[in-house]
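Following: one structure in structure tokens, then a few remarks.
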Amino acid sequence: MYNDNPTLAGLQKEIDEDRQGEAFYQDVINEQEGSKFFYIESYGCQMNFSDSEIVASILAENGFAATRNMEKADLILINTCSIREKAELTVRKRLKIFDALKNEKPGTLVGVLGCMAERLKTKFLEEEKLVDLVIGPDAYRDLPKLIATAEDGDKGINVFLSREETYADISPMRLDSNGVSAFISIMRGCDNMCSFCVVPFTRGRERSRNAFSIIAEATDLLNKGYKEVTLLGQNVDSYKWENPESGEVVNFANLLEMTALVHPKLRVRFSTSHPKDITDEVLFTMKKYENICKYIHLPVQSGNSRVLDLMNRTYDREWYMNKVRRIYEIMPDCAISSDIIAGFCTETEEEHKDSLSMIEFARYSMSYMFYYSERPGTLAARKYEDDIPLKVKKRRLQEIIKLQTAISLERNQEDIGKVFEVLIEGNSKRSDQDFKGRNSQNKMIVFPKADGLKPGDYTMVKVTDATSATLKGNIVG
Ligand code: 5AD
Ligand code: SF4
């Protein structure tokens, strides 16, 4: 998610790649005699990466081993994202490469998983002739059966969206793991209906996972040596699970507290928060527990009330600003990040300036920034004209990125001289003489190694230098 020394374009490229283009590869794992091999690439949000770990677990139970070498694979899977057109184009390009491989090695199966599978359904099989499997986000349990169908020469498709599926009982096979931090999916789907967003259509209705299965997963990760968990959902603040035996209701603040209590040295993060749903109870729970990281991803999308209304975000500029004030009031050391869309339907120059001034007001530590991309079937596509010319969208986006980069730099420079507890994640990208790790505020800090320290350890680091994306420092004490 971070770039050690970004140029403006570089920063956005990094963000884009992080959000929608990053593939992960694994050494062969779980191989047993007679194993078939699967290869999986994931695109899109953290939720998708988390889903791929569920898929991997289901496949491992069914005699498949993971390989990082797609040429070796009997089954190639691509877990897809539909959020912007660009994300879908990336997937199409990858499919061309898989097609070529399939031509060379007949019998290899290619499967499309996730949001694009759900959005395009059978159309996928018409458009991409060499795809054998199309499986939506709620149908992964059906994979073994569908693979058998495809092995018999038929197409395997299941895009059924469920109201109950949470994969609560499946222990994810950690694929892209640094052994230090892991994602835990706490809910699925989304009921928000933001007008620009395809997610409610591709991931279905919102449902929350059994709280005890979440705590069991966090405990299991701790026992395996992990030091940080990120609770994942499209809108974590609306997490709500009722214990069928006791009738007791667990809300997100309760779940956060339960996770924080797993162990004081297990850090807890969460994403994504919706400004309309994040409560004081959540904020005070964050404040109460040192191991709940002081970082909130609170997407604003636009800084203008009229545009927010068109986006169906159900809050206005004032409401959002009050949330930001409240967060800094309760936790002055909390970092806030955002998602911002430039050039939504009918957005004027003045309204765009409201997004810029919001960045200045909220003083985000960082943001994911996009220009609006119309998605078929969404409320906005049906109701509003995508009338801002691409050139204007791109220029507005550049203005947003430029300002956010300047604010990120300022915020990072404010940290020079401060000492933070850092959880070591591994070697820095640039040098194996340096470690990288994050502080509670989710800022990446790079610092020279010291004897006896290893990934997964905590250490105190004093910040000596800062770019807009990274802090640099030295171990102290
Ligand atoms: N166009 C551009 N950006 C979008 N996002 C969601 N849908 C669209 C779209 N149609 C952005 C939002 C969201 C993030 C995950 O992606 O900012 O919070
Ligand atoms: Fe992409 Fe949204 Fe689906 Fe995640 S939920 S993969 S961001 S479309």
Side-chain angles (χ1 to χ4, degrees), residues 1 12 15-16 18-22 41-52 55 78-91 112-120 135-138 159 161 183 185 187-206 232-236 271-276 297-303 307-308 310-313 320 337-345 347 355 358 364 366-384 386 388 390 393-394 396-397 400-401 404:
M1 233 172 253
Q12 184 62 29
I15 287 165
D16 279 352
D18 223 67
R19 268 283 160 111
Q20 50 180 240
E22 190 177 295
E41 278 184 13
S42 301
Y43 295 82
C45 59
Q46 291 164 338
M47 199 76 178
N48 245 21
F49 284 75
S50 170
D51 278 3
S52 290
V55 167
I78 181 158
N79 199 351
T80 60
C81 173
S82 289
I83 200 113
R84 284 168 290 275
E85 195 183 7
K86 198 179 146 218
E88 293 203 349
L89 292 175
T90 310
V91 168
V112 178
L113 314 177
C115 290
M116 236 176 128
E118 192 62 52
R119 194 177 83 72
L120 292 164
I135 307 173
D138 286 344
V159 288
L161 282 176
F183 296 123
S185 166
M187 57 206 294
R188 301 183 69 80
C190 184
D191 282 351
N192 281 336
M193 297 308 266
C194 300
S195 64
F196 50 78
C197 190
V198 77
V199 174
F201 305 97
T202 61
R203 287 189 166 269
R205 299 303 299 269
E206 183 181 289
L232 281 185
Q234 302 297 343
N235 177 9
V236 288
S271 190
T272 294
S273 291
H274 195 300
K276 80 173 159 61
H297 184 56
L298 194 73
V300 69
Q301 311 297 0
S302 163
V307 176
L308 285 169
L310 291 185
M311 287 176 162
N312 201 23
R313 289 290 288 177
Y320 186 90
S337 63
S338 193
D339 289 350
I340 305 167
I341 299 177
F344 187 65
C345 313
E347 183 192 68
S355 291
M358 184 61 89
Y364 299 123
M366 57 95 66
S367 292
Y368 297 100
M369 300 156 281
F370 318 96
Y371 62 78
Y372 174 59
S373 163
E374 187 179 82
R375 308 310 295 133
T378 55
L379 284 179
R382 283 183 275 145
K383 275 170 71 179
Y384 313 123
D386 180 14
I388 309 297
L390 186 60
K393 285 181 184 173
K394 286 189 173 170
R396 288 182 190 170
L397 176 62
I400 288 172
I401 294 172
Q404 178 61 64

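Counting starts at 1 for both ligands and their atoms, following the listed order.
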Looking at ligand 2, would Gly114 count as a contact under a 4.0 Å heavy-atom criterion?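 No.
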Heteroatom N/O/S of Cys45 within less than 2.8 Å of atom 1 (Fe) of ligand 2: no
Is Lys393 paired with Asp386 through a side-chain N to carboxylate O contact shorter than 4.0 Å?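 A salt bridge is present here (some side-chain N lies under 4.0 Å from a carboxylate O).
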Under 3.5 Å: N/O of Glu374 near N/O of ligand 1: no
Counting only nitrogen or oxygen atoms and a 3.5 angstrom limit, does Pro299 reach ligand 1? no
Numbered atoms of ligand 1 (with element) below 4.0 Å of [X], judged on heavy atoms:
X: Asp339; answer: 13 (C), 14 (C), 15 (C), 17 (O), 18 (O)
X: Arg375; answer: 10 (N)
X: Gln301; answer: 12 (C), 13 (C), 17 (O), 18 (O)

Separation of [Y] [atom2] from [X] [atom1] (nearest 0.5 Å):
X: Ser195; Y: Gln301; atom1: OG; atom2: CD; answer: 10.0 Å
X: Ser42; Y: Met47; atom1: OG; atom2: CE; answer: 13.0 Å
X: Thr272; Y: His297; atom1: OG1; atom2: NE2; answer: 4.5 Å

If the cut-off is 4.0 Å to any non-hydrogen atom of [X], which atoms of ligand 2 fall inside it?
X: Arg203; result: 3 (Fe), 5 (S)
X: Cys115; result: 3 (Fe), 5 (S), 6 (S), 8 (S)
X: Ser82; result: 1 (Fe), 8 (S)
X: Ile83; result: 1 (Fe), 2 (Fe), 7 (S), 8 (S)
X: Gln234; result: 5 (S)
X: Cys81; result: 1 (Fe), 6 (S), 7 (S), 8 (S)
X: Asn48; result: 6 (S)

On a heavy-atom basis, I'd like to know which of Tyr368, Phe344, Tyr371 is closest to atom 2 (C) of ligand 1. Tyr371
Test of understanding: given a 4.0 Å heavy-atom threshold, classify the contact between Phe370 and ligand 1 as side chain, backbone, both, or neither.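 The side chain, only.
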How does Ile341 reach ligand 1, if at all, at less than 4.0 Å between non-hydrogen atoms: by side chain, backbone, both, or neither? side chain
Over all heavy atoms of both residues, which pair between Leu161 and Arg203 is shortest? Give the atoms and the distance, please. CD2-C, 4.0 Å
Mind listing the closest non-hydrogen atom pair of Leu308 and Ser302 along with its distance? CD2-O, 3.3 Å
Within the 3.5 Å criterion, strictly below it, is a donor on Glu374 or Tyr372 matched to an acceptor on the partner's side chain? no
Determine, step by step, whether Thr80 and Arg119 satisfy the side-chain contact (heavy atoms from CB on, under 4.5 Å) criterion, reporting the C-alpha distance in whole Å, the side-chain angles of both residues, the deciding distance to 0.1 Å, and the verdict. CA-CA 10 Å; Thr80 60; Arg119 194 177 83 72; over 6 Å; no
If you measure from each non-hydrogen atom of Val199 to ligand 2, which part falls under 4.0 Å: side chain, backbone, both or neither? side chain
Donor-acceptor contact below 3.5 Å, side chain Arg188 vs main chain Pro137: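 A pair under 3.5 Å: yes.
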Is the side chain of Arg382 donor-acceptor paired with the backbone N or O of Gly377 at a distance under 3.5 Å, no angle test?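 Answer holds: yes.
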Check Ile388, Ile341, Leu390 against Tyr371 for a side chain to side chain contact (heavy atoms under 4.5 Å, CB included) and give me the one that passes.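 Filter result, single survivor: Leu390.
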